[in-house]
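Heads up: the structure comes next, in structure tokens.
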Amino acid sequence: MPSATGEHNRLERKAADQIADRLNCLFGGGQDNLPAIPSDNSIGSPHLVDSLDDAPPRIINSNGSKVIVYAIDGGSTVLARGGNIEVIAWRAGMVKFRDCKRLSESCPSPRVLAYNRLAVKDQIEELLIDSPAQYIASQPPAKLVDELRWLAEWRLIDGVIHSAEAGSLVLIDGSLRCNPAFDMKFQRGILAWAAEHEIHIAAITKQSSLSLSQNLPIDLKSDGGEVVADRFPKWYRQLNRPLPASSGWLGNIFLAGLHPDADKPYRVDINRHDETNTEKIFSMIATVSDDIEFCGYPYPLAAAHRLARIDNLFRQELIGVIGQALDRKNFAPHIWEYLVGDIHEKLNADMVQEK
Amino acid sequence: MSQTYIGRLVGKSVGELYFRSFYDTPLSIGGIAMAVDEQTGRKFLLRITDVSYGHESAEANWAEKAAGRMMEEDIHGRSYRIHDPDRRLYKLAKCSPLGYVYNNQFHRPRSIPTHFSQVTLPDPQTMEFLKEYSGDLIVGDLRCGESVMDIPLGIDGRSLAQHLGIFATTGMGKSNLMKVLASAIMESGRYGLLIFDPHGEYHDGGKGGENKGLVDHPAASTRLFSYSRRKLKGEHGNLSIPVNEIEIEDIEQIFSFTQAQREALWAVRIKYNKEWLRKLCHLDIETLTEELTAGSSTFQESTLGVLKRRAQRIEDFKSVNFDSTLSTKGDIVGKLQNGYTVLVDTANLSGAEETMMTSILTRAVLNSYRWKYQTEGDFDNLAPCLIMLEEAQRVLAASAGDSNVFHQVVREGRKFKVGMGVITQQPKLLSEELLSQLNSIFILGLADERDRSVIRFSAKQDISALGTEIQTLAAGEALLTSPTVPFALPLKIYLYEQYLNRYTGEDKPGGRDKIADDFF
């Protein structure tokens, strides 16, 4: 005989499932990327050096080559959250550059998913069918939208390298550390294929969480660039020691000053399958890091970020569009109002102040 | 994307439109752009009146900050670039809508194109409508900013009698425009043109031999008649005016008279009739005093002495003689009425003599046309006549009053088919009333804001937004305002020397068809 509380929870969950199903009928799916086989995974240590003294700087000679550069970044947001229902949106975008000129760009409309947070685990198997990446986490992700955005980015990388010309550079926002929620074969396969076909892949982290000897994050260390700036206007230091082939750190980890006037050095991960081309890859990255507005940061990545992001204005627009669609389907408006209510309050905070 | 695609409309009203253009699209003030309304098919013509920078950064003062960073990098000799300039940078063009073209007809602008209409350079086919307004006296091609379209434009000869202005500072192409206009008039054979040339530049191009003159035009041998008191290249007549054809109004252009002197002058004029000036020169003061005394009324000897000295000065003028059979006045008037071009070269005359000759001949032309208008039936067959006056501010300045013959022509001439062509560097010196009488105005580069301002108020089109364009006109570039054109037309005036080349086949300025050999 179930307890009253248990029955109440069961009913609440059922209601949430129904709402999510109805919402997803409107969004036309979006769940096919959801992962399924839960299991734990540890990627181990990145085997960093103890101090920068152990990572001698090397000069970057940017040759100004006019190679094709692809830059990939993603954007995501939580559109609505109430009870166990969460409505999320995500996407990944790409820009293609050559010699400062944007050759093309692609950025789909955001995928939108409403889901019942209590039911993710039960739905995973169903949702992962056709996914190239195997979900191996044992627990549902704390932030599902981040995982879906990550997966969208890597699927886009996969697509780009198969259409890119040999010698191209693919820049990714973030790192080449594997995602513990997924089987690393997925990323490894991409990176190996790219190196084999002379497609160079590097990831740039805007703000690194790595640190040497429990000190400040590596990209905030004051001796990251200043000491060497006079002798090496553009430089890089390799921070990791040799990694075992099985490591979840899929790239060698560097700290790089990509322009003499850069605000700070950035962490750069370079595909370990492509490590013989490290010097050449840094030269290519530095060549696109001389934009006057983003000195020291690859401009194509800045452009990709702006292309794919879902900012507050866009999020507000999405919420409005979804609300209108729900109205047309006779969806009880008070439910949607309930889900997005707190966001409205935030959005309208300025109007309250004006009064 | 087509080479002619230059942007998209972004705002804002019937009277003022803006479009965004690419960062590297050359846009210049005075340029003509075309916004195509895809819904209606109307092609809106826009005149660019200002161009400004734009960028997409939301950061406050982004451009200033970026420039600061560039300067820093420059100082340290470090390289940098602007990536993705097509997306981040742009130009914003402010435009004055000229009107729209629909079914090859031009219409005044009363609406705006649809949002974000595509903006292109105007195509020659769309601009074909201008040919309807090109007039029969072609002087240049349509100018779009700094480029030129193969659309010949000019003025309607029938408007010559409604007066014409040519305003420009030195070196902007007044003389060149004058020669091209004179050539067009000679070629037409339908209009008389009287040119006073105080600088000796129109007949043979002037000193140096670098420039060509009207005498070099193939039509000159049959349609140009030059008069001078100096030796000129080619055939020309001797400028000669008998003393008995000089009137008081003519010498009032060169001397100031007191009331007493003026009364004495008129007494002499009444007493001796046509011989008044001769008598004033040759009779002694005592005789003059005696003969002019009527009852108790007499003139002081000192007054008559002043008049006599001035009369003797006139007598010394090179072009003044005492043989009444040697007058060129009648010849000149007759040729004008038959559609010829007459050039009066006054280069070696003193300023006073030149002014007096100009006054005598202008009055002769006006009186003759007026007389034929009032008395003869063949007035309709008279060729309209334009009198071109260089440095016109000398006799048409607001400060000089409005009673001289030049003002008479401006006020009354159009009725008698006599127009005044006013050439000056300083239109601000002319009276507003006079300026308002000028139907067609060629505006070349004018540096002085006061000059530009007075033209703005007198032009027949609204050119209030074109101040910067007028200021930045280069030599040979002009704006033509006239009631017979749909908007102030931007022109590139033909260079006279190239204009003449059409007859040798070396060049055909403006792409005009070669004039047939038997034209003349």
Checking heavy atoms, do the side chain of D86(B), its backbone, both or neither come under 4.5 Å from chain A?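 It is the side chain, since no backbone atom gets that close.
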Any heavy-atom pair between the side chains of R306(A) and E56(B) that's under 4.5 Å?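 Counting from C-beta outward, E56(B) and R306(A) never come under 4.5 Å.
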May I ask you to check whether over 12 heavy atoms, not counting those of [X], lie within 6.0 Å of atom [atom1]?
X	atom1	value
E38(B)	CD	no
R309(A)	CZ	yes
N104(B)	CG	no
E198(A)	CD	no
F116(B)	CZ	no

Apply ring pair (Phe, Tyr, Trp, His ring centres under 6.0 Å) to Y70(A) and list each qualifying residue two or more places apart in sequence or on a separate chain.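 Not a single residue meets the ring pair (Phe, Tyr, Trp, His ring centres under 6.0 Å) criterion with Y70(A).
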Is it the case that the side chain of H259(A) and the backbone of S79(B) share a donor-acceptor pair, with hydrogens and angles ignored and the cut-off at 3.5 Å?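 Flag set: sc H259(A) to bb S79(B) pair under 3.5 Å.
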Closest approach of C100(A) and P85(B), non-hydrogen atoms and distance?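 Closest pair (atom of C100(A), atom of P85(B), distance): O-CD, 3.6 Å.
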Could you pull out the closest heavy-atom pair between I292(A) and R69(B), with the gap in Å?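 Scanning both residues completely, I find the closest heavy atoms to be O-NE, 2.9 Å.
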Side chain to side chain donor-acceptor pair (under 3.5 Å) involving D173(A) - partner list, sequence neighbours excluded: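 If we apply the side chain to side chain donor-acceptor pair (under 3.5 Å) test to D173(A), skipping adjacent residues, the hits are K206(A).
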Rounded distance [0.5 Å steps], [atom1] in [X] versus [atom2] in [Y]:
X	Y	atom1	atom2	result
H83(B)	S289(A)	NE2	OG	7.5 Å
C295(A)	R78(B)	SG	CZ	8.0 Å
E59(B)	E293(A)	CD	CD	6.0 Å

Measure V288(A) against the heavy atoms of chain B and call it side chain, backbone, both or neither at under 4.5 Å.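 Both backbone and side chain.
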